[in-house]
Structure formats: C-alpha cells, structure tokens
2 protein chains.
Amino acid sequence: MSEALSSAPTPRKRNDRYEEAAVQAGRTGGKALAAKGSKLRTKRAQATLKEVAELAGVSQMTVSRALNAPEMVRKPTRERIQRAVEELNYRPNLMARSLAAGRSLFIGVGYNNPSSAYLSELLLGALRTCRSAGHHLVVEELPESAVGDPEALAGKLRDSGLDGLILAPPLSENAEVAAAVSGIGIPVVLLSPGEGTSTAMRIGIDDERAALLMTRHLIGLGHRRIAFIAGPEGDFQSAERRRGFERALDEANLPTDQALIAGGAYTYRSGMDAAASILSAAAPPTAIFAANDDMAAGAVAEAHRRGLRVPEQLSVAGFDDTSLASTIWPSLTTVHQPIAEMASRAVLLLGDAGSQSDAAYQLDVEIIERESVAPPPQEV
Amino acid sequence: MSEALSSAPTPRKRNDRYEEAAVQAGRTGGKALAAKGSKLRTKRAQATLKEVAELAGVSQMTVSRALNAPEMVRKPTRERIQRAVEELNYRPNLMARSLAAGRSLFIGVGYNNPSSAYLSELLLGALRTCRSAGHHLVVEELPESAVGDPEALAGKLRDSGLDGLILAPPLSENAEVAAAVSGIGIPVVLLSPGEGTSTAMRIGIDDERAALLMTRHLIGLGHRRIAFIAGPEGDFQSAERRRGFERALDEANLPTDQALIAGGAYTYRSGMDAAASILSAAAPPTAIFAANDDMAAGAVAEAHRRGLRVPEQLSVAGFDDTSLASTIWPSLTTVHQPIAEMASRAVLLLGDAGSQSDAAYQLDVEIIERESVAPPPQEV
DNA sequence: CTTGGAAGTGGTAGCGCTAACACAAAACGA
DNA sequence: TCGTTTTGTGTTAGCGCTACCACTTCCAAG
C-alpha cells in the first residue's frame, strides 16, 4: 500500500510539451539550483516568530503571547505585532507549537462501515476542528474481525499511541465495543451511541424528538393515515424514532394502525418490501415515514412500481439525509443530522481537559424539505 | 464555529451513576494527582528516543537511524534497538520529527461538490498516506463563488501556507481553475482531470478503456443491442467513456444505433428520462450502460416503472461505484475507480521532490459485478 | 516615602527529533 | 607498512515555538 508508486502501472506521459516548462518553472519560484532539491520546497521562506518579533521590536515571547493570549499584551504592542504579522504574512508553525506546548492530541476516528456520506461529513468536521485546535486526526478502520474481539481491539488501540478516540456509528452502538474501548484509559467520544452504559462521552441527536418533528410536519400538511417503516427489531435508534412517531400521532389524536407499521432492515430492498406490505393494507396511507433514507428510497421505488406518483399520491419521508436522499427522484424530504458539527464537538471535547467523562450532548436536527412530501391528495 | 461548545444546547446527563467511576478511572491510568490536570493527558508517559537510546546503550542518533535508515546500522545494534523499542513501546513523535527534519508538508485538498462517497474515500486514502509520510492534510472547501474568480482563489491558496495541493473533481476538470492554481508556485495534483493543459500532475483512470471493458463484459454476456446514456455534451470524461463504448461495439462488429444513445446530465432524473427515450425506441436494447451510477439508477427506476424486471429483462450497468450503486435494488454492476489509491498516490507525488510537474498516471479500474447485469433474455 | 503587588515584557531552557559533520575502527589496495 | 576508503557511530546544533521564571515599571496601600 505504501509502496504504491513503485508497483504502479506504467505511468504514461500524456503531454511531452511541458517537459521544459516544468524544469523552468522550478518549485519555489526562485533559485534555479539544486535540481535534486530535497529541501527547497519545504522551506517556503515562511516567516518565523523571531522575524516578526524583530520587525515589531519586541521579544519572541511577546509575539507568542499576543497570538495566544492577547489580553496579556498591551494594546499598542499588540497592534504593532499585528501589523508585523500581516506584513510578513506570518503563520505559526503548528508542529513547533505542538511540540513546545505539548498540548496537541492525536485523535483516532474509529469507524466500521458507516455510510460514506456520514464518514465524509464526519472527517470534514473533525479535520477542520483538529486543524484549528492543533490536533491530529488518525483514521482507524476497525473491521468486523476486530469488533468480534473487543479485547484485542482495546489492545490495538491502547498501543496505537492515541490520546483520544471518536467512535462512529454503527461501532458506537455496540455496547461491547464501547465498554472495551472505554477501558483503555484515554477519553472516548461515542457518536450517536446506543444505550450502552460505558463511561464514555456521548454526542448524538434526540432521535425521538426528530421523529416527532417530522411526523408533526406530515400531520401539519394534512396527512391522517401515516405509515412508519421501522429499523431492525431491537435497534435502539429505530425504537426511539418509532416512539417519536407514535407520540406525534397521539398528540394529534390519531389512531396507531398496526397495519401501517412495518419492520425493515435499514436497506433499500427491505424498504421496498415494507412499503409493499403497507400499500397493500385495506386502508393504505397517504404518507410513509421511514426510519432511514435507504428504506424511504425503497418505498419510493415500490410506489412507482405500483404506478403511484410521489408525492402527489403518496408522500415519503426519510431520516439521515444521506446523499441518496438528494440523488434520487423525487428527492427525499428527510431529517438532517449535523454530523460535521458533532465531529467538531467531539474533537473539542477530547481536547478539553475539563470535560466530564460521562458528558452527553444532544444536538439539534433539521428537517430538510425536498420533493417527496406534499399535502395528501384531496379526497373530495 | 469554533466556539460551538459554549453555545451548545444544554448538555443533558443521561446517566448519573458514572460520576464516581469517571473520576476514579482518571485519564493517564496512573498518578491520581493534579485534578486540574491540564497537562497529564498529553504526557502519556510516551517513551522518547533518548530513553530508547539509553536502554539500548547507543546514542540517540543511532536509534534515529535504525528507525529511518536501517541499512546504515549494523544488524546486532539494530536488533538491540529493536528490542528496546518494543520493550518501551516507543513510538516516534511525529511532530518533533517533522519539525527537526523540516520535511513534512501541509497538503491541501481542494474540493467543491464531489459526491460524498468520492470525498470520503479520497480523504481516507490521503489521510492514511499523510500519516505514514508525516504530512498534514488540510481540507479546503472551494465554493462556487471562489471558482468563479480563479485569481482570488489562487491568491487565497497562495497565502494559506500550503506546500502542495490536491484538486478533486469536478474542480480538477475546470481548466480555468487548474490554470490559476498551477500558477501559485506549489505543486498541484489533479485528480481525474479534464483535458486542460496546465502544468500540474495528473492522476486518473483511463475512462475510455474502462468503458471498453464494461461494454465488452456486456457483449460477452450475449448482449447485442446495448444502449449508452452519456453525460453532458462537452464533458471530457463522458466523451472518453462514450468512445470506449463505441470502440467495443466496433470490435464486436455491432452496429452503433443512434436511437440507443441518449444524453443525460449525470443526474438520476436525467437517467430516467434518457432511459425512457431509449426504451421507447422501435427496437429497444437488452442492456443499458450509463456513464455514471446516478443515471444508471435512474434507468433502473424507469425500467421498473415500465414493469421491466432488472436484470432479467433489461441489464443496466453504471460507472463510478458510488454508494448509490450498492444501495439500490438491484445493486448496480459498475466500474470502480481506486479513489483511495489515487489520493494516496497524489500525496506521495507531492512529497517526492523528484516528481516531474507534468507527470500523469493512469490507474487500473475494476469492474464490480453486482445484480443489475445478466445475460439477455432468450429470444427463442 | 516605603512596600507590595499587579501588569507587561524579556531571557533561558527546553519539547523530541534529525542534519551535518566528526571521528574511530575495520577493510582495502599499493 | 602506510595511506585511503568504507562503515558504523557519536557530537553538536538547531527546527519554531512555548513554559517558566526573572525583571521592570507603575500604582495603591501602609
């Protein structure tokens, strides 16, 4: 894997006409020497603290303080430094800072097999915050085999030299894994955790409330017969979402028709099957709310197969706002989780020595209205 | 954004019973002192080079060499060091190494609006290689507005202090952007670039060949009337893919029926429309090959809507292997690009001072056989 | 006036590692 | 035998930054 380049399929030059230009352009834009150039490129003539200090006529320490704790430096000094910083286009060297301060963390992101949409948002959010907080992100794929043996997993993580760990779902829902991992002596944040009882920090959303909100939205539009496609039996999140759904129905004094509740497995296909069963009911619904987007998309497919137009004849709502939701036609009205922000929080939490190891945060969700939901057809 | 934590929705403790356990567990697993613990956590009693050197009875330098250039150290010495390393569970401090060697790069990943599947694979590949090469990844979202003004974009990147830049599609297909960016004086790698002529390194796949392979696969299965759903007019990749498709047809002495070639816009909906037009042809095809997965999925939807079973009555093939391909039912047979490896290569390329600034690599693709393709129905 | 203590600033000593050279010991040809 | 290389290892000097303590003012309290 790391020797990838050497075992490469023959690299083929597509254009030859750039040969000269390339050499001429050089890399640092200056000094045309040292074709071997092992070093030039990294020395991008970055201004250092020292230079800024000299230009501003103060000591390095003062500059450092002006940057890290501005309130400790008198205003005129601070402004002088500020000007020097701008003039030299100074940017602190994060590595040196980390090294000297000894305050930067290596944070692992343990993931298993999340949707790629989830993962990319997660990484983006974490990466951004790591950068600004001076931490470093280490991705750590934890395959099924590792999950099967929590002991080994903990051992592996223990000597990976990490200072903190973020566990993404579905890993974070696994109580065994959570327990094993929280025993390694480094702070752990569980994202969208299951109901486990490990001593780890938790960041998630209020699934019940999110489902309640979406169902209310549907009811507000005029729907009275609403079906729900649940996730697998025993799944914590699915149960929460279902609870929210039922509570909204109760609130509106609508009956809960068991024929309109079907179980799925979070997959597209299971959504199709569940929708098939629901749509075959004696009194079919005008809206279907699925516990995730994949099943919602499956429900749309099944509706189409039966010649039902979405959303004119049937509304379909999803949950998660995966890329699928905005890809298909009609695009799905769904519940969006602030994944990037959750990741960002997780990083901050790990970096904050003061955080309680049993803290739990719930972030707000957002209902994304797209094309798959509309008022029910007029029965008149 | 960075003050996220302070403006958080009220954190709610979910369990109180861990209060004690949390305190007791501590963070470093040892020394129960300093509850204020501002520092403890980062000083994970990591062994240093010095300690290893002492234990092994050699100088720090020798240990450093044993780690970075083993062939320079005599075998017995090396083994002694190796043992010390293991005993102390020593792991080099990457930050110190980077700082001292001055060899580590800050590499930016410029992206615009790629599919999240693409992005997450990209980030994963890049992150991994960055870690092992000691580089640092900086994600840089470049919104439409920035792309509209390549000058400003170049300026922004110029003083972002990056040492290298990786541009993901669709950004890398934009000739203006590529040109502007390659003028900033840092090495740039374009992923799946368009046909632009900027002096940047390029990593991609051979789109024509990939399409050729997939079409051959279809022909090999017995299909004789194969339709193609192209991307937008003028799109470089789409044109390449179409060329590959047509070449495979030629090879097999099959006619190219213009009624079986439709243009799309890379969207699900456009795939449905294109499929509708294709399936309405006087002599409909037994297989449809779409230039991307979204359109292929749209084609499947349209087929279903018309009551055609996939793949029994109609085969559908995609391109890109996005998450959509494995989500929908039936899952799509498609062309997989080694995105993580492309990213990994890109990082390596940027880190290798010897690489030509006009190098171009083409990686091999893989045909992923799933459920949407089968031999054509028997006409007997 | 002292004295004490902020508030603002500077000096020094590293953080953990590697580049560059210095040097000793072994290996070589003449 | 004596250079002369080669090979393996040690020494020194930082990389760019911050912790920590020392110092200078300046002002209020005694």
Side-chain angles (χ1 to χ4, degrees), chain A residues 34 36-81 85 88 90-106 134 136 161 163, chain B residues 34 36 38-40 42-81 85 88 90-106 133-134 136 161 163 353:
Chain A
K36 295 183 63 179
S38 71
K39 182 152 205 186
L40 272 183
R41 61 144 38 136
T42 143
K43 300 270 150 279
R44 308 215 321 98
Q46 257 301 3
T48 71
L49 204 66
K50 197 169 157 194
E51 301 175 64
V52 176
E54 276 162 12
L55 185 66
V58 294
S59 79
Q60 294 190 32
M61 236 5 261
T62 306
V63 178
S64 173
R65 273 192 280 256
L67 263 33
N68 298 307
E71 72 283 359
M72 290 185 63
V73 177
R74 234 188 327 172
K75 203 161 166 214
T77 319
R78 207 191 312 153
E79 281 167 355
R80 204 142 35 89
I81 292 174
V85 164
L88 295 174
Y90 168 78
R91 343 197 77 243
N93 179 320
L94 297 185
M95 261 124 39
R97 189 192 300 234
S98 300
L99 182 59
R103 199 193 297 122
S104 102
L105 270 33
F106 273 81
H136 301 268
D163 307 292
Chain B
K36 295 185 62 180
S38 70
K39 184 151 201 184
L40 271 184
T42 142
K43 301 269 152 280
R44 307 216 320 100
Q46 257 300 2
T48 70
L49 203 64
K50 195 170 157 195
E51 300 175 67
V52 176
E54 275 162 13
L55 184 65
V58 294
S59 78
Q60 295 191 33
M61 217 32 240
T62 307
V63 178
S64 173
R65 273 192 281 257
L67 263 32
N68 298 307
E71 72 282 1
M72 290 183 65
V73 177
R74 236 190 326 175
K75 203 160 163 215
T77 318
R78 207 192 314 155
E79 281 167 354
R80 203 141 35 88
I81 292 173
V85 163
L88 295 174
Y90 168 76
R91 343 197 76 244
N93 179 320
L94 297 185
M95 260 122 42
R97 181 183 292 201
S98 300
L99 183 60
R103 200 195 294 122
S104 101
L105 271 33
F106 273 81
H136 302 267
D163 307 292

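If you're wondering where the values come from, they're calculated on a predicted model, not measured in any experiment.
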Would you kindly give the CE-to-P distance between B:Met95 and C:dG14, to the nearest whole Å?
20 Å

Atom-to-atom span, CZ of B:Arg74 to C1' of C:dA24 - whole angstrom:
12 Å

To the nearest Å, how far apart are A:Glu71 CD and C:dT9 C1'?
15 Å

Send over the distance from B:Leu94 CG to C:dC15 P, rounded to a whole Å.
18 Å

Base, sugar-phosphate, or nothing: which does B:Ser98 touch, judged by heavy atoms less than 4.0 Å apart?
nothing

Minimal heavy-atom distance between A:Met95 and B:Ser98, with the atoms involved, is CE-CB, 3.6 Å

Could you check which of C:dG14, C:dA19, D:dG14 has an atom nearest any side-chain atom of B:Arg103?
C:dA19

Rounded to the nearest 0.5 Å, how far does CD of B:Gln60 lie from OG1 of B:Thr62?
10.0 Å

Could you tell me how far apart B:Asn93 (CG) and D:dC17 (P) are, to the nearest whole angstrom?
17 Å

Between A:Thr48 and D:dC15, is there a side-chain N or O to OP1/OP2 distance below 4.0 Å?
no

I want to verify a distance call: between D:dG16, D:dC17, C:dC17, whose nearest atom is closest to the A:Tyr90 side chain?
D:dC17

For the pair made of NZ in B:Lys50 and P in D:dG10, what is the distance, rounded to whole Å?
15 Å

Donor-acceptor pair, distance only, cut-off 3.5 Å: does the side chain of A:Arg78 make one with the backbone of A:Pro70?
yes

Rounded to whole Å, how long is the line connecting atom CE of B:Met72 with atom P of D:dT6?
14 Å

Neighbours of DNA chain C within residues 57-68 of chain B, by heavy-atom distance under 4.0 Å
B:Gln60, B:Met61, B:Ser64, B:Asn68

Distance, rounded to the nearest Å, where A:Leu49 contributes CG and D:dT18 contributes P:
6 Å

Residue-phosphate contact under 4.0 Å: A:Arg97 side-chain N/O, D:dT18 OP1/OP2:
yes

Nearest to side-chain heavy atoms of B:Ala100, which nucleotide of D:dT9, D:dT18, D:dG14
D:dG14

Nearest-neighbour nucleotide for the B:Leu99 side chain, D:dT9, D:dG16, D:dT18 considered
D:dG16

Counting heavy atoms from C-beta on, name the nucleotide in D:dG8, C:dC17, D:dG16 closest to the side chain of A:Ala96.
D:dG16

Tell me whether the rings of B:His136 and A:His136 are parallel (<30°), tilted (30 to 60°) or perpendicular (>60°).
tilted

When you match A:Pro92 and B:Arg78 each to their closest nucleotide on DNA chain D, which lands nearer the 5' end?
B:Arg78

Work out which heavy atom in A:Asp163 is nearest to a heavy atom in A:Ser104; give both atom names and the distance.
OD2-O, 4.2 Å

With rounding to the nearest 0.5 angstrom, report the OG to CE distance, B:Ser64 to B:Met72.
10.0 Å

Quick one: does A:Glu79's side chain have a donor or acceptor within less than 3.5 Å of a partner on A:Pro76's backbone?
no

